[in-house]
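The block underneath contains the structure these notes are about, expressed in structure tokens.
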Amino acid sequence: MKKTMRQHSFLSRLRSLALVFGIGLAFASCANEDIAQNQNGKDYDANLTTFSTGDPTTRTSMESDGKFFWEAGDKIYVKDDNGTWNASSNSPTGKTAYFKFKVPGTYTAHMSYKVYYPGKNGNQDQVTIAANQSQAEPNSTAHFGASGDCGMATATRIASERNFNFTLDHKAAYLLFLPRTSNTILYTCYLTKVEVNSDNDITSTYTLDPTTGELTGTGTGKQIIVSTGGTGTYANGFPLKNNTTSAATNGAYVVIKPGTHILKIRYWVKDVATGIEGTITKTLPSATYDQNKYYNITANLNVHDYDGDHYYMWDAQEQYWKDYEWTKNLGVGVGQPTLQGQPAGNYAQNNSDVSRWYHEGGGSGRFDATQSCAGLPNANELTWYAAYGEPRWDADELWTTMGHLYKGGMWFKKKANISGYNPNTAVDGRDWRTNLHSKNWSVSQTLPSAADANNYFYLPALGFYDKGRLLNVGSAGYHWSSSSAPWYSNLAYFLLFNSGGVYVDHTARRGGFRTEALQ
């Protein structure tokens, strides 16, 4: 089976397992058939022809042991001798391992006929792979028929009878998502849906083509969402209490169009106690998903944890909370605040606190960082990220910091993917290190596409400290540059982003901003 596990990183590879299992199963009784039969097996309705199926590979839902079953409401379609499409006049009333479909029309001219199963929302040879799928409980494929499972078969006549036998060949591809986590913060959370985004179409209406033996046609749907949960135990979704793969705990299936796709997967997770719901994103490289096969996709949903150690006054020698870090559990009002609204702790208030106070100097032109901010982008570089990094606000991506769960942040293009990137001049052609400027840019609310996702990096909205208080965590990000503001000895350039825009501006050096290097 396919394994795709890599802790704290994107999914990396796929491997298929054919949906073909042994046929050594005894046929079940005919008790579930809608049309009664007499003792010699002849139908009471002489106007109907029987198309029988009983091979375990022909079912339209699958159990964990690999057995397939027909489900209530399933129908087949057959073209008769006059070229007329006819749907079966009966359907199973529940899950069954064996069924005789009764089809109107005349079938005497040939020894075999093509059988079409277009799924519960399809018609004749037209199949609709649903953009919105729903699974009520873990490890269940009862929703396959409504989601777009489909197939074709050649039905062969039983000698001297009006009966035909067939074995369905499925034409969709199937993904089995198997999330797990070792992050205890998520143990009380639930998986509410799985969002599958592709670089090309995976959902639309397609044709069952008997010539090619495949689904044909090109659609426009590049996103499928399977909602996970129903009633009772699963009213809130599927639990995330497992640190090893467990289909029985939270296995979720998705039906997609076969083909070669780049897939970006967003796992939607909800903390029922707090009401916070957000995403954990994984991206798969281009891979081929064949018809009549399913693929196990495992994912470690350990959301990224950001430390509280990278808040600094501009170019200070030591971090803002040196010796008073939140990990020392010094108490409210003493140590580093981890929540907005908490009283301030012991932060540097003047230059007598030499190691934590900002780097003083400059005031007569260019002045660059030499300590904690020395490796950061300069003011010019920040303008390239803001103007041509195609910033995209993500209100739902989950992350943790200092023991708490948050969401919200910005996707920026990586430096290598920004055309014209130049550290010596800003986007307006001037050197902001020697000329004081500021500007803001708009942002997109559309996330990077599956095809483009790996060209971006993510910055969470980690807020900042002002006079010791934590502000705007979850709603805005503040990052220092390596450039002071020319002609001012107490100002420096910084990058600010929120859902409304990206700003490159200058402010007092005493703020506690983040100092991570950008990609």
Side-chain angles (χ1 to χ4, degrees), residues 23 25-63 67-128 141-172 207-210 213 292:
I23 61 173
L25 297 174
F27 288 162
S29 70
C30 301
N32 288 324
E33 294 175 3
D34 289 343
I35 297 179
Q37 294 183 341
N38 62 23
Q39 292 181 352
N40 64 12
K42 301 297 183 181
D43 300 330
Y44 286 138
D45 191 337
N47 295 317
L48 299 175
T49 299
T50 300
F51 287 80
S52 302
T53 179
D55 189 320
T57 64
T58 68
R59 323 293 196 244
T60 61
S61 69
M62 184 180 71
E63 291 190 341
K67 297 176 184 177
F68 273 69
F69 293 82
W70 293 96
E71 294 284 347
D74 283 336
K75 286 182 177 290
I76 62 170
Y77 290 79
V78 186
K79 265 188 180 179
D80 66 13
D81 293 341
N82 297 316
T84 301
W85 283 101
N86 293 296
S88 54
S89 60
N90 64 333
S91 298
T93 58
K95 180 188 292 187
T96 178
Y98 172 65
F99 196 72
K100 290 184 176 182
F101 290 97
K102 309 299 182 179
V103 185
T106 301
Y107 305 92
T108 59
H110 308 286
M111 291 300 293
S112 64
Y113 291 84
K114 208 70 177 178
V115 172
Y116 298 81
Y117 171 68
K120 291 180 180 177
N121 296 320
N123 184 53
Q124 299 175 0
D125 60 352
Q126 298 297 292
V127 174
T128 299
T141 62
H143 62 295
F144 269 16
S147 298
D149 185 25
C150 57
M152 291 184 287
T154 299
T156 304
R157 182 189 301 278
I158 300 174
S160 303
E161 296 186 19
R162 291 183 58 200
N163 295 337
F164 292 80
N165 284 342
F166 71 91
T167 298
L168 195 67
D169 185 15
H170 293 258
K171 299 304 178 184
T207 300
L208 288 165
D209 189 334
N292 202 28

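One is the number of the first residue; the rest follow in order along the sequence. The analysis underlying the following values was restricted to heavy atoms, covering all of them including side chains, and did not include hydrogens, waters or symmetry mates.
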Fill in: Contact check, side chains of Val115 and Phe101, non-hydrogen atoms, under 4.5 Å
no

Discussion item. Please report the interatomic distance CD1(Ile158) to CG(Asn165), rounded to the nearest 0.5 Å.
Written reply: 4.0 Å

Worksheet entry | Distance in Å, Lys171 NZ paired with Asp169 CG, rounded so as to fall on 0.5 Å steps | 3.5 Å

Practice prompt. Start with the C-alpha gap between Leu208 and Cys150, add the side-chain angles, then the distance that decides, and say whether side chain to side chain contact (heavy atoms under 4.5 Å, CB included) holds.
Written response: CA-CA 8 Å; Leu208 288 165; Cys150 57; 4.1 Å; yes

Response to the item:
Hits for ring pair (Phe, Tyr, Trp, His ring centres under 6.0 Å) against Tyr107, two or more places apart or cross-chain, chain-then-number order -> Phe51, Tyr113

Discussion item. Looking at Asn121 and Ala146, would you say the former's side chain and the latter's main chain have a donor-acceptor pair under 3.5 Å?
Written reply: yes

Discussion item. Restricting to side chain to side chain contact (heavy atoms under 4.5 Å, CB included), what partner residues turn up for Lys120, sequence neighbours left out?
Written reply: Glu71, Asp74, Tyr117

Fill in: Over all atoms of both residues, closest heavy-atom pair of Ala172 and Gly148
CB-O, 4.2 Å

Discussion item. With side chain to side chain contact (heavy atoms under 4.5 Å, CB included) as the criterion, how do Asp149 and His170 come out once you've worked through the C-alpha distance, each side chain's angles and the decisive distance to 0.1 Å?
Written reply: CA-CA 7 Å; Asp149 185 25; His170 293 258; 2.9 Å; yes

Worksheet item: Of all residues at least two apart in sequence or in a different chain, which pass the side-chain hydrogen bond (donor to acceptor under 3.5 Å, both in side chains) check with Thr207?
Response: Gln126

Item to complete: Please list, chain by chain and in numerical order, all residues satisfying side-chain hydrogen bond (donor to acceptor under 3.5 Å, both in side chains) with Thr84, sequence neighbours excluded.
Response: none

Worksheet item: Closest heavy-atom contact between Ser88 and Lys75?
Response: O-NZ, 3.0 Å

Practice prompt. Before giving the answer on side chain to side chain contact (heavy atoms under 4.5 Å, CB included), spell out for Thr53 and Leu168 the whole-Å C-alpha distance, their side-chain angles and the decisive distance to 0.1 Å.
Written response: CA-CA 8 Å; Thr53 179; Leu168 195 67; 5.7 Å; no

Worksheet item: Looking only at heavy atoms, what is the nearest atom pair of Thr167 and Ala153, with distance?
Response: O-CB, 3.2 Å

Discussion item. Measuring only between side-chain heavy atoms, which start at C-beta, is Asn90 closer than 4.5 Å to Lys102?
Written reply: yes

Worksheet item: Is the closest side-chain heavy-atom distance between Lys114 and Lys79 below 4.5 Å?
Response: no

Worksheet item: Taking the six-membered ring for Trp, is the centroid-to-centroid distance between Phe166 and Phe164 below 6.0 Å?
Response: no

Discussion item. Can you confirm if the aromatic rings of Tyr98 and Trp70 lie within a centre distance of less than 6.0 Å?
Written reply: no

Discussion item. When you compare the side chain of Asn123 with that of Tyr77, does any pair of heavy atoms fall below 4.5 Å?
Written reply: yes

Discussion item. Does any part of the side chain of Asp81, heavy atoms only, come nearer than 4.5 Å to the side chain of His110, both counted from C-beta?
Written reply: yes

Discussion item. Taking the side chain as everything from C-beta on, heavy atoms only, tell me whether Asn86 gets closer than 4.5 Å to Asp80.
Written reply: yes

